[in-house]
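One-based numbering, in listed order, for ligands and for the atoms of each. Because the structure is a prediction, the values reported are computed rather than measured.
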Amino acid sequence: MNAKKTNGGVRTDVVVIGGGATGCGLAWDLALRGIDVALIERGELASGTTGRFHGLLHSGARYVVTDPVTAEECYQESVVLRRIAKGPVEETDGLFVFGDGDDAGYLEQWRVGCRRAGIPIAEIPMREARLREPALAPCITKAFVVPDAVCNSFALCASLGRSAQSQGAQLFTYHRCNGIDMKDHRVTGVNLTDVRTGTSRKINCKIVVIAAGPWSARIAKAAGVELSLDLVRGAMIAFKGSAVKGPVSRLQPPGDGDIILPRGRVSIAGTTSVVTNDPDDRRVDNWELDLVKTQIDAFVIGVAGAQMAHSWAGVRSLYRGRSQEREASNTNFRSTDPHSWSRDFAVLDHESRDGVSGLVSIVGGKLTSFRLMAERTADVVCRSLGNSEHCRTAITGLI
Ligand SMILES: Cc1cc2nc3c(=O)[nH]c(=O)nc-3n(C[C@H](O)[C@H](O)[C@H](O)COP(=O)(O)OP(=O)(O)OC[C@H]3O[C@@H](n4cnc5c(N)ncnc54)[C@H](O)[C@@H]3O)c2cc1C
């Protein structure tokens, strides 16, 4: 059943705030379970972090040593997404490369981590690796094929939006959520502005889910709820030409400028990790461009001299997940290096957490894990609405 128009505006069961991969995935999941849902996005779908990401559908190999829970989830989700999102996902596979001077101890930990996470990797002879990726630098001595892939996040969100609408979801793009209405600590709806016309409207609902990536804390605050998210900006550069045929990652602990991948007629290199307090931070500083070029050029030659087509930045919102909460409670210390901060995600039910009933947030995660994030959130929403339908997004192809 669709969201319905009433005299006062629109009425629905669930409002999802945020039209990135997570919010679109959630609208799709809820609609498939027969729930009335409206998605609110202040811009176009994928106009937030999702449209500014690097483009890698992670096999999980990048995180096996530092963030094994995320690694395992990424691998499982990448397998599902290759099946259900055939249009947006390009099945390239990828290479992890190891060179002179790299840490042999880390290489061993990485092999063990991949095995534990169930991620299939295969070392190939360097001759074969250089045929595959002719621009590999001479210092590279080992290469491993991993099931990485490339994902077009705009096509993905368009597909999720279409699929959600086909099941009755309502999409309100170019609508900004200004606040969450509440009565007696219970959510009653949201108020919105159509940013193109300036018109205000209300949607009455039983549950609001905040899926607004790095903007989530601001929206939650308006409902009197504190979310502590770490915002970390990252810069990307698109170089003209095809420097690589598939994603190539440096086999080292996650750091700056260690992944390059092909997207159409450009190659995208990234990224950096700069702590910020502004979800709209779009800066790309010169030192970031220089660092990414130098780091990538050390394993894929010619990048530093290639013509730059474009550069941009996006803001990650990282949640102090299960692994780092444990780390913090054990040692009272958290690494100051944002590369090592967890990519874990969490569904926060603000009724049990903060005494606000009908409010849920989904925080942290990766684009690669968006479907699982949506599934876990939809489970919480369904329990609250007394809906016993199971998730079907892992077995339903996107349209
Ligand atoms: C530099 C960088 C590189 C990355 N690379 C990768 C990668 O290669 N692979 C990978 O898997 N992940 C990657 N990620 C992580 C990934 O991009 C994010 O985890 C994911 O895109 C987050 O999606 P989201 O839907 O949760 O948030 P977002 O995409 O940010 O969506 C939130 C939406 O909420 C909307 N919004 C905000 N406020 C309001 C409001 N008041 N009213 C209505 N709408 C509102 C915003 O416009 C936005 O569209 C990268 C992230 C960064 C920053």
Side-chain angles (χ1 to χ4, degrees), residues 15-27 39-60 62-63 70 73-74 77-78 81 94 148-151 153-154 156-157 160 172-180 190-195 208-220 222 229 231-237 247 249 254 256 259-261 263 268-274 276 279-282 284 288 292 311-319 338 343-345 361-371 373-374 377:
V15 166
V16 176
I17 305 172
T22 311
C24 291
L26 178 58
L39 176 78
I40 312 302
E41 166 54 52
R42 66 178 186 171
E44 194 45 81
L45 297 183
S47 54
T49 307
T50 295
R52 302 180 152 268
F53 92 135
H54 199 149
L56 188 63
L57 188 71
H58 283 279
S59 62
R62 179 172 172 79
Y63 299 114
T70 300
E73 287 170 350
C74 278
E77 284 305 301
S78 70
L81 293 176
D148 278 342
V150 175
C151 178
S153 58
F154 297 101
L156 176 68
C157 286
L160 288 166
F172 292 87
T173 50
Y174 294 102
H175 279 72
R176 189 182 56 240
C177 172
N178 299 317
I180 297 172
V190 293
N191 51 74
L192 315 174
T193 302
D194 181 333
V195 295
V208 170
V209 181
I210 303 174
W215 295 272
S216 294
R218 280 191 186 167
I219 295 170
L229 299 176
L231 305 189
V232 181
R233 194 187 77 221
M236 249 91 44
I237 310 175
S249 305
D256 287 332
I259 306 176
I260 181 164
L261 54 81
R263 280 284 298 280
I268 302 178
T271 173
T272 53
S273 285
V274 182
T276 179
D280 291 294
D281 191 347
R282 301 271 157 92
V284 179
E288 293 178 87
V292 169
S311 68
W312 69 94
V315 175
R316 308 169 180 90
S317 56
L318 306 184
Y319 170 70
R343 267 55 175 170
D344 211 351
F345 69 86
S361 298
I362 169 71
V363 291
K366 298 288 296 174
L367 181 127
T368 305
S369 46
F370 85 88
R371 195 212 58 83
M373 295 165 70
T377 311

Is [X] close to ligand 1, meaning an N/O of one under 3.5 Å from an N/O of the other?
| X | value |
| --- | --- |
| Gly314 | no |
| Val232 | no |
| Arg316 | no |
| Glu44 | no |
| Ala21 | yes |
| Met236 | no |
| Arg52 | no |
| Cys177 | yes |
| Arg176 | no |

Enumerated ligand 1 atoms positioned under 4.0 Å from heavy atoms of [X]:
| X | value |
| --- | --- |
| His54 | 3 (C), 4 (C), 5 (N), 6 (C), 8 (O) |
| His175 | 43 (C) |
| Thr271 | 1 (C) |
| Ile219 | 38 (N), 39 (C), 40 (C), 41 (N) |
| Gly55 | 8 (O) |
| Gly365 | 19 (O) |
| Pro214 | 30 (O) |
| Ala211 | 32 (C) |

Do [X] and [Y] come close enough that some side-chain heavy atom pair is under 4.5 Å?
| X | Y | answer |
| --- | --- | --- |
| Ile268 | Ile260 | no |
| Cys151 | Phe53 | yes |
| Ser369 | Thr70 | no |

If the contact criterion is a heavy-atom separation under 4.0 Å, does Met373 count as touching ligand 1? no

Residues that Arg371 engages under salt bridge (Lys or Arg N to Asp or Glu O under 4.0 Å), provided they are two or more places apart: Glu77, Glu375

Go through the structure and list residues passing salt bridge (Lys or Arg N to Asp or Glu O under 4.0 Å) with Arg52, not counting sequence neighbours.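 Not a single residue meets the salt bridge (Lys or Arg N to Asp or Glu O under 4.0 Å) criterion with Arg52.
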
Backbone, side chain, both or neither: what part of Arg233 comes under 4.0 angstrom of ligand 1, heavy atoms only?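 Arg233 to ligand 1: no contact under 4.0 Å from either part.
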
Atom 38 (N) of ligand 1: which of Phe53, Trp215, Tyr174 has the nearest heavy atom? Trp215

For atom 48 (C) of ligand 1, the option (of Arg343, Lys366, Glu41) bearing the nearest heavy atom: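 Going through Arg343, Lys366, Glu41 one by one, Glu41 has the nearest heavy atom to atom 48 (C) of ligand 1.
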
Regarding Asp256 and Thr272, is there a side-chain donor-to-acceptor distance under 3.5 Å anywhere?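 Checked: Asp256/Thr272 side chains show no N/O donor-acceptor pair below 3.5 Å.
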
Would you sort out whether Leu57 and Leu81 count as a side-chain contact (heavy atoms from CB on, under 4.5 Å), showing the intermediate values? CA-CA 9 Å; Leu57 188 71; Leu81 293 176; 3.6 Å; yes

Stepwise side-chain contact (heavy atoms from CB on, under 4.5 Å) test for Phe154 and Leu45: CA-CA 7 Å; Phe154 297 101; Leu45 297 183; over 6 Å; no

Just verifying a value: how many Å separate Phe172 CZ and Ile40 CD1, rounded to the nearest 0.5 Å?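 Taking CZ in Phe172 and CD1 in Ile40, the distance rounds to 5.5 Å.
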
Give a yes or no on whether a salt bridge exists between Asp344 and Lys366, defined as a side-chain N under 4.0 angstrom from a carboxylate O.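 Judged by the 4.0 Å cut-off on N to carboxylate O distance, Asp344 and Lys366 do not form a salt bridge.
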
Take Ser216 and Leu229, measure what side-chain contact (heavy atoms from CB on, under 4.5 Å) needs, and give me the verdict at the end. CA-CA 9 Å; Ser216 294; Leu229 299 176; 4.1 Å; yes

What verdict does the salt bridge (charged side-chain N to carboxylate O under 4.0 Å, His left out) test give for Arg42 and Asp194, after you've listed the backbone C-alpha separation in whole Å, the side-chain angles of each residue and the deciding distance to 0.1 Å? CA-CA 8 Å; Arg42 66 178 186 171; Asp194 181 333; over 6 Å; no

Step by step, work out the side-chain contact (heavy atoms from CB on, under 4.5 Å) result for Val150 and Arg263. CA-CA 8 Å; Val150 175; Arg263 280 284 298 280; 3.4 Å; yes

Which protein non-hydrogen atom lies closest to atom 18 (C) of ligand 1, naming both residue and atom, and how far is it?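 Heavy-atom neighbour on the protein nearest atom 18 (C) of ligand 1: Leu367 N, 3.9 Å.
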
